[in-house]
Chemist: 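Got a structure for you, questions after.
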There are 2 protein chains.
Amino acid sequence: MINRTMPRGPYKPGKIRQKSQQTMLEAAIQAFSQYGYSGTSMQSIADIAGVPKANVHYYFKNKLGVYTAVLGNILDMWDTVLNDITIADDPATVLCRYIDAKIDFSRTHPQESRVFAKEMLSGAPHLQEFLQAKYTTWLDNRLSIFRHWIKVGKMDDVEPTHLMFMIWGSTQHYADFAPQVTQSLGTDTLQQEHFDAAAKTVKQVILRGCGLTPPE
Amino acid sequence: MINRTMPRGPYKPGKIRQKSQQTMLEAAIQAFSQYGYSGTSMQSIADIAGVPKANVHYYFKNKLGVYTAVLGNILDMWDTVLNDITIADDPATVLCRYIDAKIDFSRTHPQESRVFAKEMLSGAPHLQEFLQAKYTTWLDNRLSIFRHWIKVGKMDDVEPTHLMFMIWGSTQHYADFAPQVTQSLGTDTLQQEHFDAAAKTVKQVILRGCGLTPPE
DNA sequence: TTAAAAATTGACCAGATAGACAAGATTTGT
DNA sequence: ACAAATCTTGTCTATCTGGTCAATTTTTAA
């Protein structure tokens with residue numbers, strides 16, 4: 001997406017283009033996640049990718065094009081989990097699976113999480129479309145399921161929207177506020193065990209807080 | 001703090017200097033909270049403050065000086081709450097007070113919250129001293145009180161560090177992810193009632209999740 | 001092999017930015 | 001009132017940045 005040129009004619013496009021773009025996108029997300037949009041220069045992206053700056057301009061229309069491509073990749077990861085829940089499911093199981101998945105995302109994709117967070121902190125100017133379209137329906141569907149569970153007594157009357165915010169906030173924290181977390185836990189780098197302990201506590205509090213008991 | 005010149009001699013310093021600096025700091029936090037450090041120009045700060053750019057340079061050593069002054073002001077707000085808790089206190093009361101205070105901070109100081117969050121997201125290069133000194137002892141003191149409450153059975157065995165992260169993450173979310181929150185709640189701007197509902201849900205889940213019952 | 005398409009790259013440009021500076025205006029203590 | 005200190009502000013500069021372009025090299029399909 002966001003290619004400037006779309007190769008045509010007697011030529012099989014793709015391989016070089018795809019690989020180069022991928023390299024540059026990975027360089028870009030690294031830069032954006034640390035320095036933000038304004039703090040990242042095309043030159044620095046090129047340096048990280050190990051190519052001349054003009055090469056980045058060849059594959060992307062401009063700096064905003066690189067950024068929106070990065071953002072698009074991140075948004076594509078959005079609904080991987082909690083996508084197939086139904087009214088028949090067990091709330092405790094669903095919440096556990098979601099919390100585990102979110103914590104795991106903070107562990108395996110901290111850079112993506114930070115780019116997303118920085119965009120939000122800047123007022124989400126490039127997420128309006130996403131928020132109004134894809135996200136809203138995604139959320140509404142899940143909220144209605146939670147509301148049903150509450151109505152039939154499967155869980156306590158906890159306002160579902162704010163419950164979701166609690167889970168998001170609690171789990172994102174481990175990626176976005178990593179310096180504070182590492183300092184608090186007295187470690188240099190966050191290890192698997194730290195994320196496991198985090199998931200355990202979040203699940204314990206959320207489930208109990210909703211009047212649920214851990215599955216199995 | 002971070003003044004370039006410290007007036008001396010037969011002259012009563014302060015009034016003009018203090019007022020001008022205050023105006024510029026308010027302009028600066030507004031700019032930094034939205035556009036980040038790199039995205040904010042000295043010119044934009046001057047424009048917001050309504051003064052020529054050279055005036056900003058007169059009162060602050062350089063751009064980093066403005067930023068660290070802003071950051072320092074924010075850090076000074078840190079321990080206003082949860083500062084005087086003791087072992088004798090009631091856990092439920094303390095947690096409620098803290099959650100209310102944090103949510104209220106997100107409501108009344110969203111810009112400060114966002115500047116702090118952006119600094120964290122960038123790896124907190126200017127917070128190392130704060131994190132290692134003031135913050136660590138602050139946290140350790142509170143954690144030991146939580147651990148005592150757990151030991152004597154006043155609350156469930158919930159890992160206190162991660163419990164604190166849950167509260168921080170959940171409450172910060174309303175300032176830092178405001179675009180997502182407003183979209184989810186179907187409103188244009190967050191009102192008092194939304195923050196009240198947020199505080200209610202967070203308190204409900206956290207307290208119940210720790211095996212506590214709401215006070216009085 | 002070869003010609004067209006695609007990819008690479010160095011050089012260049014216009015605008016923005018942080019910061020310096022000096023001249024002038026204002027405030028202060030006496 | 002007046003001199004010293006502080007404050008204000010227009011102007012200037014060196015540097016950085018996003019973006020363009022044309023020349024060269026590499027890859028591809030026939």
Side-chain angles (χ1 to χ4, degrees), chain A residues 1-28 30-32 34-71 125-126, chain B residues 2-25 27-28 30-32 34-71 125-126:
Chain A
M1 63 189 79
I2 321 291
N3 300 351
R4 175 164 61 163
T5 59
M6 269 301 180
R8 287 286 177 274
Y11 189 87
K12 192 171 71 179
K15 284 201 59 171
I16 293 180
R17 181 171 209 88
Q18 200 169 345
K19 190 175 175 186
S20 291
Q21 270 188 332
Q22 185 61 28
T23 304
M24 292 173 192
L25 282 177
E26 287 170 12
Q30 179 180 332
F32 283 136
Q34 184 165 9
Y35 304 110
Y37 179 76
S38 300
T40 296
S41 65
M42 294 296 271
Q43 185 64 61
S44 72
I45 295 176
D47 289 346
I48 296 176
V51 298
K53 187 184 66 157
N55 214 338
V56 184
H57 277 98
Y58 176 73
Y59 281 105
F60 296 91
K61 187 179 167 219
N62 50 27
K63 186 178 172 183
L64 191 59
V66 183
Y67 182 70
T68 53
V70 165
L71 218 49
H126 305 292
Chain B
I2 322 291
N3 299 350
R4 176 164 61 164
T5 59
M6 268 302 178
R8 288 284 177 276
Y11 189 87
K12 192 171 70 177
K15 282 201 60 173
I16 292 179
R17 181 171 209 87
Q18 200 170 343
K19 189 175 175 185
S20 291
Q21 271 188 332
Q22 185 60 28
T23 303
M24 293 174 191
L25 283 178
Q30 180 180 332
F32 283 135
Q34 182 164 8
Y35 304 110
Y37 178 77
S38 300
T40 296
S41 65
M42 293 295 271
Q43 185 65 61
S44 73
I45 295 175
D47 288 347
I48 296 175
V51 298
K53 185 185 65 155
N55 215 339
V56 183
H57 276 98
Y58 176 73
Y59 282 105
F60 297 92
K61 188 180 166 217
N62 50 29
K63 186 178 172 183
L64 191 58
V66 182
Y67 182 70
T68 53
V70 165
L71 218 48
H126 305 293

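The chains referred to below are lettered A, B, ... by the order of the sequence lines, with proteins before strands, and numbering in each begins at 1.
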Chemist: Of the nucleotides C:dA7, D:dT8, D:dG10, which one has an atom closest to the side chain of B:Ala54?
Modeler: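 Of all the options, the side chain of B:Ala54 is nearest to D:dG10.
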Chemist: Can you name the nearest heavy-atom pair linking A:Ala31 to A:Ile48, along with the distance?
Modeler: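 Distance-wise, the nearest heavy atoms are CB-CD1, 4.1 Å.
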Chemist: Classify the side chain of A:Lys53 versus the base of D:dG19 as yes if they form a donor-acceptor pair under 3.5 Å and no if they do not.
Modeler: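 Checked by distance alone, the answer is yes.
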Chemist: Starting the side chain at C-beta, find the nucleotide from D:dT8, C:dG19, C:dT17 nearest to B:His57.
Modeler: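 In terms of side-chain proximity for B:His57, the closest of D:dT8, C:dG19, C:dT17 is C:dG19.
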Chemist: Take atom CD1 of B:Ile16 and atom C1' of D:dA5, then tell me their distance rounded to the nearest Å.
Modeler: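 My rounded result for the distance is 11 Å.
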Chemist: Whole-Å distance between C:dA7 P and A:Phe60 CZ?
Modeler: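 From A:Phe60 CZ to C:dA7 P: 12 Å.
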Chemist: Just how far, in rounded Å, is C1' of C:dA6 from CD of A:Gln18?
Modeler: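 Computing the A:Gln18:CD to C:dA6:C1' distance gives 16 Å.
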Chemist: Rounded to the nearest angstrom, tell me the gap between atom CE in B:Met42 and atom C1' in C:dG19.
Modeler: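 Checked: the CE to C1' distance equals 8 Å.
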Chemist: Please check the phosphate of C:dA7 (OP1 and OP2 only) for any side-chain N or O of A:Tyr58 closer than 4.0 Å.
Modeler: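 For C:dA7, OP1/OP2 do have a side-chain N/O of A:Tyr58 under 4.0 Å.
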Chemist: For A:Asn62 and D:dG18, is the shortest distance between a side-chain N/O and OP1 or OP2 below 4.0 Å?
Modeler: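 Answer no for this pair, as no side-chain N or O of A:Asn62 is under 4.0 Å from OP1 or OP2.
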Chemist: Closest nucleotide of DNA chain D for A:Ser38 versus for B:Ser20: which of these residues is on the 5' side?
Modeler: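 Closest to the 5' end, via its nearest nucleotide, is B:Ser20.
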Chemist: Please name the pair of heavy atoms, one in A:Ala69 and one in A:Phe60, separated by the smallest distance, quoted to 0.1 Å.
Modeler: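 Result for this residue pair: CB-CE2, 4.0 Å.
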Chemist: Ignoring backbone atoms, establish whether B:Arg17 has a side-chain N or O less than 4.0 Å from OP1 or OP2 of D:dT6.
Modeler: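 For D:dT6, neither OP1 nor OP2 has a side-chain N or O of B:Arg17 closer than 4.0 Å.
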Chemist: Give the rounded distance in Å between these two atoms: CD of B:Gln43 and C1' of D:dT11.
Modeler: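 In whole Å, D:dT11 C1' lies 13 Å from B:Gln43 CD.
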Chemist: Is the shortest heavy-atom distance from the side chain of A:Val66 to the side chain of A:Met24 under 4.5 Å?
Modeler: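 Heavy-atom side-chain distance check fails, nothing below 4.5 Å.
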Chemist: Any base atoms under 4.0 Å from B:Ser44, or only sugar-phosphate, or nothing? Heavy atoms, all strands.
Modeler: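 It contacts nothing in the nucleic acid.
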Chemist: May I have the distance from B:Asn55 (atom CG) to D:dT6 (atom P), rounded to whole angstrom?
Modeler: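 Going from CG in B:Asn55 over to P in D:dT6 covers 15 Å.
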Chemist: Verify whether one side chain among A:Glu26 and A:Gln22 offers a donor that lies under 3.5 Å from an acceptor in the other.
Modeler: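 Yes, a side-chain donor-acceptor pair sits under 3.5 Å.
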Chemist: Have a look at B:Thr40 and say if it touches a base, only the backbone sugar-phosphate, or nothing, with a 4.0 Å heavy-atom cut-off.
Modeler: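 The answer is sugar-phosphate, as B:Thr40 gets under 4.0 Å only of primed atoms, P, OP1 or OP2.
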Chemist: Whole-Å distance between C:dA16 C1' and B:Asp47 CG?
Modeler: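 Value for this atom pair: 13 Å.
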Chemist: Please determine, for the side chain of A:Ser41, which listed nucleotide (D:dT17, C:dA7, C:dT17) has the closest atom?
Modeler: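 When the side chain of A:Ser41 is considered, D:dT17 is the closest of D:dT17, C:dA7, C:dT17.
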Chemist: Using 30° and 60° as the class boundaries, would you call the ring planes of B:Tyr67 and B:Tyr37 parallel, tilted or perpendicular?
Modeler: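 Taking B:Tyr37 first and then B:Tyr67, their aromatic rings stand perpendicular (interplane angle over 60°).
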Chemist: Roughly how many Å is it from NZ in A:Lys15 to C1' in D:dA29, rounded to a whole number?
Modeler: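 After rounding, the gap between these two atoms is 16 Å.
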